[in-house]
There are 2 protein chains.
Amino acid sequence: MPYYFVRKLECFTRLSDENKRALIRLSQNVQLVGPHRDIIREGDSPEYVNLILDGWACRYKTLESGQRQIISFFLPGDICDPHVFVLCEMDHSIATLTPVRLVQIPRDALLGLTEQHPRITQALWWETLVTAAIQREWTVNLGQRSGIQRLAHLFCELLLRLRAIGMTENHTCPMPITQQELADATGQTSVHVNRTLQEMRAMGLITLRSRLLTIPDLDRLQRVAMFNPNYLHLNHEGAHLDANDRDASPLHAKP
Amino acid sequence: MPYYFVRKLECFTRLSDENKRALIRLSQNVQLVGPHRDIIREGDSPEYVNLILDGWACRYKTLESGQRQIISFFLPGDICDPHVFVLCEMDHSIATLTPVRLVQIPRDALLGLTEQHPRITQALWWETLVTAAIQREWTVNLGQRSGIQRLAHLFCELLLRLRAIGMTENHTCPMPITQQELADATGQTSVHVNRTLQEMRAMGLITLRSRLLTIPDLDRLQRVAMFNPNYLHLNHEGAHLDANDRDASPLHAKP
DNA sequence: CGCACGATTGATTAGGGTCAATAATGGTGG
DNA sequence: CCACCATTATTGACCCTAATCAATCGTGCG
């Protein structure tokens, strides 16, 4: 079973063997959660940091009117809010989309880890900032792009994130979510998502069936979406950091 | 001249006199920037952390098509990305909206501050997490709300944030931005914003003229917007923290 | 006073929502 | 292995919000 979160953090910087062992030791008390279950709800007080070992999950908010917005997707290896403890209560919910294997990391365990491993601290910082960048890009996506562009952009993002953790094969990646969920993420109705997907298939932009997405020409899809991958910061920006660097303050990272 | 950023951080937790003096010492080398000027551009490498002493600014992104999305607003006292140095290059731009007084804080100055003042470190953490929460709420706003609701929601958010730093008078606050900018923030055209504002005025929800916004009945506007202020975490959630607490790790904050 | 920018208005159109019905799919138990 | 049921996907008809284009009006300011 691959450790996706190790792969993910290695997108940013080199990790020592000791770093990796420490990360892997977190995977105690693995929990299995079925699909479409809440992991934590708006209003709850955060007690753990959730690390998604495998499967997909999402942040979401439900309005009084019943409308739901999916705010972001969690993929294998993603960690849900490593610094959430500063706040007293959750302002959104997190739910599984597929069956999920996760670990709930107690505050002290995570604190111990970062105290012992400056490089991991840096990498978690990078992960936090990239998460924020993704959220900003979603703001742009919902505010400025058309239906087809929103879906195209989402597919580009998910493909690159999945590729970063080694979950793609050639031009194909898993896409284990329903059209309703794509609709909730892109601020459309499922009816319109359905029609837009058909249009994208007709244009030869994608194949999507059996929960598998194929993008024959990623450049073309990126052009359709006006997608610029810079916000994902996937180019080993922390490669210059010595794996044994003592200084773990994010304010110290030398760009 | 009030120190809005001190007021803002005090929304989270109590600060000692020494904390405050240290914060105020940052205000060396104040810069005056005219309206509608870029402070930092997408692609630039971040060299400073910008602290807005006074005036309004915004994050934005421009697409190849020329469309612009305003991603967030910076109000007096806001600090632009205290932890940005982990990343090599900016994935968005920041520009002034009004004339702005700001300080560009060098990395080392900020690092020194947080090393000396654990309480400030905590408060900056809170600020970072609230900024992320605001971004999520904008995602919901753009994805799920109608034109009038988006504007109403934005006005509610801005009023509460301005009230937190003491910039409101009764039901009135400054709103020094154009309809085009409201449009770029809410993902609409300025024509439609204009019509929606007229509708809101006709409903008695707001008064907006001479760059002043009045909200006679905030509860009512909140209901229209389906606005829930919980995501702003403005209820002194860090009040329990002793101002001399030694431990500054966000993972340690006891909710 | 005149200029530039921002606000306002009107007419028309298009993208996407709504509602409702039907068809595929896939998982389950007998 | 197959029948059944629940979910998910698909289609059609119609409607409405908000975009577009273009012109005009205000207003603050040098």
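Naming: A, B, ... by sequence-line order, numbering from 1 per chain.
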- prompt: Near DNA chain C, which residues from residues 173-184 of chain B have a heavy atom under 4.0 Å away?
  reply: Thr178(B), Gln179(B)
field: Interatomic distance, Ile148(B) CD1 vs dA18(D) C1' [rounded to whole Å]
entry: 13 Å
task: Please confirm whether the backbone N or O of Asn141(A) pairs with a side-chain atom of Gln144(A), one donor and one acceptor, at under 3.5 Å?
output: no
field: Arg195(A) side chain, from C-beta outward: closest of dT10(D), dA18(D), dA13(D)
entry: dA13(D)
query: Backbone N or O of His36(B) within a donor-acceptor pair of the Thr96(B) side chain at under 3.5 Å?
result: yes
task: Looking at every strand, decide which applies to Thr196(A) at a 4.0 Å heavy-atom threshold: base, sugar-phosphate, or nothing.
output: nothing
query: Base, sugar-phosphate alone, or nothing: which one does Arg201(B) contact when heavy atoms must sit under 4.0 Å apart?
result: sugar-phosphate
query: In whole angstrom, what separates Arg211(B)'s CZ from dC29(D)'s C1'?
result: 14 Å
task: Would you indicate what Arg209(B) reaches in the nucleic acid, counting non-hydrogen atoms under 4.0 angstrom: base, sugar-phosphate, or nothing?
output: nothing
- prompt: Counting distance only, does the side-chain N/O of Arg150(B) pair as donor-acceptor with the main-chain N or O of Arg145(B) below 3.5 Å?
  reply: yes
field: Residues Ser146(B) and Gln149(B): side-chain donor-acceptor under 3.5 angstrom
entry: yes
message: Measure NE2/His192(A) against C1'/dA18(D) and give the value in whole Å, please.
response: 14 Å
message: Test your reading of the model: is there a side-chain donor-acceptor pair from His92(B) to the backbone of Glu42(B), 3.5 Å cut-off?
response: no
- line: On DNA chain C, more 5' by nearest nucleotide between Ser210(A) and Gln198(B) is Gln198(B)
query: First contact, last contact: which nucleotides of DNA chain C are these for chain B, 5' to 3', heavy-atom distance under 4.0 Å?
result: dG6(C) to dA11(C)
field: Atom pair distance, as rounded to whole Å: CZ in Arg145(B) and C1' in dT17(D)
entry: 17 Å
- prompt: Between atom CG of Asp81(B) and atom OG1 of Thr131(B), what is the distance when rounded to the nearest 0.5 Å?
  reply: 8.0 Å
- prompt: Which part of the nucleic acid does Arg150(B) contact within heavy-atom distance under 4.0 Å: base, sugar-phosphate only, or nothing?
  reply: nothing
- request: Under 4.0 Å between any heavy atoms, over every strand shown, what does Ser190(A) touch: base, sugar-phosphate, or nothing? Just pick one.
  value: nothing
- prompt: Between the side chains of Thr186(B) and Gln188(B), is a donor N or O closer than 3.5 angstrom to an acceptor N or O?
  reply: yes
- request: For this output row, return yes or no: ring centroids of Trp138(A) and Phe73(A) closer than 6.0 angstrom.
  value: yes
- prompt: Under 4.0 Å between a side-chain N/O of Asn194(A) and OP1 or OP2 of dA9(D), yes or no?
  reply: no
- request: Give a yes-or-no answer on whether the side chains of Asp54(B) and Tyr3(B) include a donor-acceptor pair shorter than 3.5 Å.
  value: no
